[in-house]
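Encoded as structure tokens, the structure appears first; notes follow it.
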Amino acid sequence: MDFILLLIIASFALSLRYRPSGPNAADLDRQTTTTINGLFLLLVVFSHFMTYVTLPAHFARLTQVWMLVKGQLIVTTFLFFSGYGIYVQLKKRGRQYLKTFPKHRLLFLWSKFALAVTLYLVIGLMTGRALTVPHVLLSYLGLATIGNSAWYIFIILFLYLLTYLAWELFPTNNRQAVGFIVLGCLAYMLIANWLLPEYYANTVFCYVAGMGYAHYKATIERVVCQNWSRYLLVGLSTLVIFAASYLICARTGGLVRLVSYQIAGVMFAFCFVWLTMRFKLHNPILAYIGGPAMFAIYILQRLPMMGLQQTGLVNWPVSYFISVLGLTLLLGWLFDKATGMLWSHSLGRPKQATKSKESPLMHR
């Protein structure tokens, strides 16, 4: 499996193209953010897949190290770029964009999620899985799971709702709106850390950091890219802060661990933002996976894993993974086609999503 992991990383590395002119207004355009998210969505699929196979202790050592250290870092760019993209759109389109939120963001995302949960529910009932009514109801909110990935959907729905309320309360003052989101995220982080599993709480500030970066982007890039020495120093400092924060996470608990995890998550996402200041990205496959196909792949990935686990492929991990990835892409495409048709025949297709063919989890 080390070969698959290295292949995923290599596909991203080969996408990098040096930009001699340095940063510009389009260095975090949709192609760039979806390519980065495509890398991490593949790593999410790979990481979930590894929980369905058993490998000898001496086998795939790099993969075993990856499984030990990855944590929730692999979703930090999803949150960062969501916050960044939404802020850019709100700044550009203002009230017109905000009016789309209840229907084209909250309802659209939740309805797709609910359909996917229903699919898992039907499969669960057909296979004789024991399910209680409270557990099923919580699954539709993303607070429990019946086989699907759920916690990230709960967080992003909460952040969308918080964003909508923030700009409804402060429609002409972006700083006050972001301040409201910061307070909301702080309250959520503390409550979620008390009542829910840790992963519901420990990366939420990446979304706020994305908004902050969108607000100060030109200033930050001007300072960071003043010269190569400054650029390399900032990159090295970011890595050091990330490593130190993540090390604190591993050795502490409670509030200290929670805060240090937030810092580590933001620094990890910023490492890739830092990279885009000097390099552009071009990889249509990763951009597709991290763009229009993102939601369906994220939510449906476990179905092929569960189904093929009952076959002889489980003894051939590489073939098993390739089959899972191919089936997930196919299921995702069919799911998006079906949900798109249902939406267009009921409430009307989201204008922005249709126009740009973007995932409901992406905003660029």
Side-chain angles (χ1 to χ4, degrees), residues 12-40 73-94 97 159 163 167 173-179 181-182 185 203-245 262-283 286-287 290-291 356 358 361-364:
F12 177 78
L14 293 172
S15 306
L16 295 170
R17 304 288 187 275
Y18 177 62
R19 188 192 302 114
S21 60
N24 55 48
D27 55 16
L28 272 185
D29 60 8
R30 184 169 177 270
Q31 175 178 283
T32 300
T33 57
T34 54
T35 300
I36 294 172
N37 280 347
L39 163 69
F40 284 107
L73 295 175
I74 50 180
V75 303
T76 55
T77 63
F78 302 169
L79 290 165
F80 189 98
F81 292 141
S82 286
Y84 173 85
I86 284 177
Y87 188 89
V88 169
Q89 291 298 322
L90 284 166
K91 194 174 180 180
K92 183 189 301 183
R93 298 167 57 194
Y97 182 68
L159 291 170
T163 300
W167 262 270
N173 193 315
N174 291 340
R175 290 189 178 184
Q176 288 185 353
V178 173
I181 294 173
V182 170
C185 285
T203 55
V204 68
F205 269 92
C206 292
Y207 181 86
V208 181
M211 288 191 159
Y213 184 79
H215 186 80
Y216 295 106
K217 180 177 183 292
T219 302
I220 293 172
E221 289 183 339
R222 186 168 60 250
V223 172
V224 172
C225 296
Q226 184 176 4
N227 52 58
W228 265 102
S229 297
R230 177 75 62 82
Y231 177 74
L232 294 174
L233 178 62
V234 169
L236 179 61
S237 300
T238 302
L239 282 173
V240 169
I241 296 171
F242 159 69
S245 301
Q262 301 285 352
I263 296 171
V266 171
M267 290 297 102
F268 184 79
F270 185 74
C271 285
F272 288 85
V273 174
W274 171 83
L275 194 65
T276 65
M277 294 180 189
R278 289 287 184 180
F279 294 86
K280 60 182 179 180
L281 297 169
H282 181 72
N283 189 318
L286 288 180
S356 62
E358 64 183 21
L361 300 183
M362 284 297 299
H363 298 273
R364 288 296 301 115

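Throughout, numbering of the chain's residues begins at 1 and tracks the sequence. Below, each value reflects all heavy atoms present in this structure, side chains not excepted, and no hydrogens, waters or symmetry copies. Remember, predicted model here, so these are calculated numbers, not experimental data.
- Inter-residue side-chain proximity for Leu275 and Leu16 is flagged as met; some heavy-atom pair is nearer than 4.5 Å.
- In this structure, the separation between CG on Leu286 and OG on Ser15 is 5.0 Å, given to the nearest 0.5 Å.
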Between Thr163 and Ile181, does the side-chain contact (heavy atoms from CB on, under 4.5 Å) criterion hold? Intermediate values first, please.
CA-CA 7 Å; Thr163 300; Ile181 294 173; 3.9 Å; yes

Could you please spell out the steps behind the side chain to side chain donor-acceptor pair (under 3.5 Å) verdict for Asn37 and Thr34?
CA-CA 5 Å; Asn37 280 347; Thr34 54; over 6 Å; no

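- Between Thr33 and Leu28, some side-chain heavy-atom pair lies under the 4.5 Å cut-off.
- Atoms CZ and OG1, on Phe279 and Thr32 in that order, are 13.0 Å from each other to the nearest 0.5 Å.
- In this structure, Met211 and Ile86 have side chains that are in contact, with non-hydrogen atoms separated by less than 4.5 Å.
- Here the OH-NZ distance, from Tyr97 to Lys91, works out to 15.0 Å after rounding to the nearest 0.5 Å.
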Can Val223 and Arg230 be said to form a side-chain contact (heavy atoms from CB on, under 4.5 Å), step by step?
CA-CA 8 Å; Val223 172; Arg230 177 75 62 82; 3.5 Å; yes

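- Arg17 CZ: more than 12 foreign heavy atoms inside a 6.0 Å radius.
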Candidate pair Asp27 and Glu221, rule side-chain contact (heavy atoms from CB on, under 4.5 Å), full reasoning
CA-CA 10 Å; Asp27 55 16; Glu221 289 183 339; 2.5 Å; yes

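- Looking only at distances, no side-chain donor or acceptor of Arg30 sits under 3.5 Å from a matching main-chain atom of Ala287.
- By the 4.5 Å heavy-atom criterion applied to side chains, Ile36 and Thr276 are counted as neighbours.
- Residues Phe205 and Ile263 are not in side-chain contact: their nearest non-hydrogen atoms beyond the backbone lie 4.5 Å or more apart.
- To the nearest 0.5 Å, atoms CD1 (Ile220) and CZ (Phe270) are separated by 6.0 Å.
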I would like to know whether Val178 and His215 meet side-chain contact (heavy atoms from CB on, under 4.5 Å); could you show each step before the answer?
CA-CA 10 Å; Val178 173; His215 186 80; over 6 Å; no

Under 3.5 Å, which donor-acceptor pairs link side chains of residues 231-238 to any protein atom two or more places apart or in another chain?
| from | atom 1 | to | atom 2 | distance (Å) |
| --- | --- | --- | --- | --- |
| Tyr231 | OH | Trp274 | O | 2.9 |
| Ser237 | OG | Leu233 | O | 2.8 |
| Thr238 | OG1 | Val234 | O | 2.8 |

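- Using a distance-only test at 3.5 Å, with no hydrogens or angles considered, no donor-acceptor pair links the side chain of Arg278 to the main chain of Tyr18.
- Each of Phe272, Phe78, Phe81, Phe12 was compared with Phe40 under the ring pair (Phe, Tyr, Trp, His ring centres under 6.0 Å) criterion, and only Phe272 meets it.
- Looking at residues two or more places apart in sequence or on another chain, you find no salt bridge (Lys or Arg N to Asp or Glu O under 4.0 Å) involving Lys280.
- Within the 4.5 Å cutoff, the side chain of Leu79 has heavy atoms near those of the Leu159 side chain.
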